[in-house]
2 protein chains.
Amino acid sequence: MARPQQQKPDTPQRILDVAEQLVQVRGFNAFSYADVAAQLGITKASLHYHFPGKAELGQALIARYAQRFGQALAQIDSETEDAWAKLAAYAGLYAGALSSQRMCLCGMLAAEYETLPKPIRDAVVTFFDDNETWLERVLDQGRTDDALRFEASARETARMIISGLEGAMLVSRPYGDIARFRATAETLLASLAATDGRLPARNRVKRRS
Amino acid sequence: MARPQQQKPDTPQRILDVAEQLVQVRGFNAFSYADVAAQLGITKASLHYHFPGKAELGQALIARYAQRFGQALAQIDSETEDAWAKLAAYAGLYAGALSSQRMCLCGMLAAEYETLPKPIRDAVVTFFDDNETWLERVLDQGRTDDALRFEASARETARMIISGLEGAMLVSRPYGDIARFRATAETLLASLAATDGRLPARNRVKRRS
DNA sequence: GTCTATAGGCAGATAGAC
DNA sequence: GTCTATCTGCCTATAGAC
């Protein structure tokens with residue numbers, strides 16, 4: 001009888017997996033088709049069959065990343081109504097990447113922004129816009145529920161959170177210390193607490209699988 | 001009589017000026033000796049005379065940058081005793097770089113951290129450490145003076161500020177909108193205000209020359 | 001779909017004349 | 001100090017066999 005083959009994603013997905021990791025760790029300008037090919041045990045020429053050029057690979061990379069990120073946000077929405085828990089889970093998405101020495105893909109691309117092809121640039125901006133929109137809604141809800149307190153607009157506060165978390169990844173990574181990121185994220189989010197004092201333990205920034 | 005020559009920095013300094021701008025805008029991995037040589041109207045070989053390799057050039061770059069940054073912090077200390085004004089001036093240092101589409105040099109290098117030679121990595125970490133130390137002192141003083149209010153430790157709060165400003169540069173730059181950075185920086189710093197409400201106008205984040 | 005082979009360019013770097 | 005000339009290696013990318 002037919003035994004199920006060992007689960008093995010199709011080649012384009014495996015290429016994206018490897019390339020994604022390389023970009024998040026080393027940057028778009030510091031990885032090559034040769035790197036990806038070596039890790040997969042195939043040739044550079046095969047990569048060009050699936051993704052004609054580095055620009056197209058980059059576009060596919062960010063498109064998939066943004067889609068997954070959107071799904072993660074939707075899952076957070078489905079898991080809790082608590083604005084606090086949503087913010088902690090949001091920060092946990094960043095912590096998860098950092099736990100493998102990865103930057104946020106779009107944070108990395110933002111650093112390299114001036115060197116990127118136009119389609120990738122546009123996708124980076126769209127990613128930040130979407131994050132902002134989601135956070136803005138969470139913040140508005142949290143304020144309505146008296147779970148959060150902040151004086152700036154929800155939009156400005158959303159931008160502060162994105163900047164704070166992206167920056168915390170950027171700065172923490174050289175220290176090779178996830179705890180440092182978590183502490184900074186917690187300090188940042190704690191400034192939005194409706195009650196003074198630290199977050200309850202259940203709302204601490206955790207890594208998400 | 002001897003007329004003063006047109007002021008023209010010596011070659012190593014001019015090389016560093018050009019390379020610094022290129023790294024801040026494009027990144028360490030996305031600029032070449034050819035780029036610098038072209039901008040200066042000299043050859044690549046001449047660059048190698050002054051800086052044997054890219055690694056040495058990078059070290060010289062960050063050493064000079066860190067020294068200048070330290071001088072800027074000392075100047076801030078000499079200009080005002082007000083912790084609020086110091087924080088605003090500190091944020092202004094970042095805004096100044098961003099006004100020419102530049103990232104903080106060390107923020108850019110932090111993104112590329114995993115690809116950098118060891119000496120440059122160490123210098124990046126030292127840069128952040130020094131910033132943290134300076135901010136920590138300002139924050140302690142501001143709390144003592146009742147000019148600032150924050151619940152986390154001065155050290156954690158310093159890290160939050162560095163992360164927030166580095167991240168705000170990173171995220172704002174793709175939008176090509178300095179006002180966006182200033183607004184985020186102001187939101188971040190406003191959360192440290194001893195009195196609720198917005199900063200007085202004189203303490204808004206300004207660009208520093 | 002994956003391979004071998006190779007093109008064409010640019011990277012960092014060096015030797016040696018001036 | 002700056003140049004010309006050159007080296008070696010890696011890069012992205014393509015042609016064409018299997």
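Just so it is clear, the model here is predicted, and its values are computed rather than measured. Any value given below was found using the heavy atoms of this structure, including those in side chains, with hydrogens, waters and symmetry copies removed. Every chain is numbered from 1, with letters handed out A, B, ... down the list of sequences.
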Examine [N]: is either OP1 or OP2 under 4.0 Å from a nitrogen or oxygen in the side chain of [X]? Give yes or no.
X: B:H50; N: D:dT2; value: yes
X: A:T11; N: C:dG1; value: no
X: B:T43; N: D:dC3; value: yes
X: B:Y33; N: C:dG12; value: no
X: B:S46; N: D:dG1; value: no
X: B:S32; N: C:dC10; value: no

- So, A:D130 versus A:T133: side-chain donor-acceptor pair below 3.5 Å or not?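 No.
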
Measure the distance from [atom1] on [X] to [atom2] on [N] and round it to the nearest whole Å.
X: A:L47; N: C:dC3; atom1: CG; atom2: P; answer: 9 Å
X: B:L57; N: C:dA11; atom1: CG; atom2: C1'; answer: 15 Å
X: B:N29; N: D:dC10; atom1: CG; atom2: P; answer: 16 Å
X: B:I42; N: C:dC18; atom1: CD1; atom2: P; answer: 21 Å
X: B:D10; N: D:dG1; atom1: CG; atom2: C1'; answer: 12 Å
X: B:F31; N: C:dC10; atom1: CZ; atom2: C1'; answer: 15 Å
X: A:K44; N: D:dT12; atom1: NZ; atom2: P; answer: 8 Å
X: A:H48; N: D:dA13; atom1: NE2; atom2: P; answer: 6 Å

- Query: Counting only heavy atoms not in A:Q13, do more than 12 fall under 6.0 Å of its CD?
  - Reply: yes

- Message: Is the positively charged end of A:R26 above the ring of A:F31, judged by distance under 6.0 angstrom from the centroid and angle within 45° of the axis?
- Response: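 Not flagged: A:R26 not positioned over aromatic ring of A:F31.
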
- Taking the side chain of B:Y49 as heavy atoms from C-beta outward, which of C:dA11, C:dG1, D:dG1 is closest to it? D:dG1

- How many angstroms lie between atom CD1 of A:I161 and atom OG1 of A:T157, to the nearest 0.5 angstrom?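 Between atom CD1 of A:I161 and atom OG1 of A:T157 there are 6.5 Å.
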
- Using a strict 4.0 Å threshold on nitrogen-to-oxygen distance, state whether B:E79 and B:K86 make a salt bridge. no

- Task: Return the 5'-most residue of the pair B:A45, A:K54 with respect to DNA chain D, ranking by each residue's nearest nucleotide.
- Result: B:A45

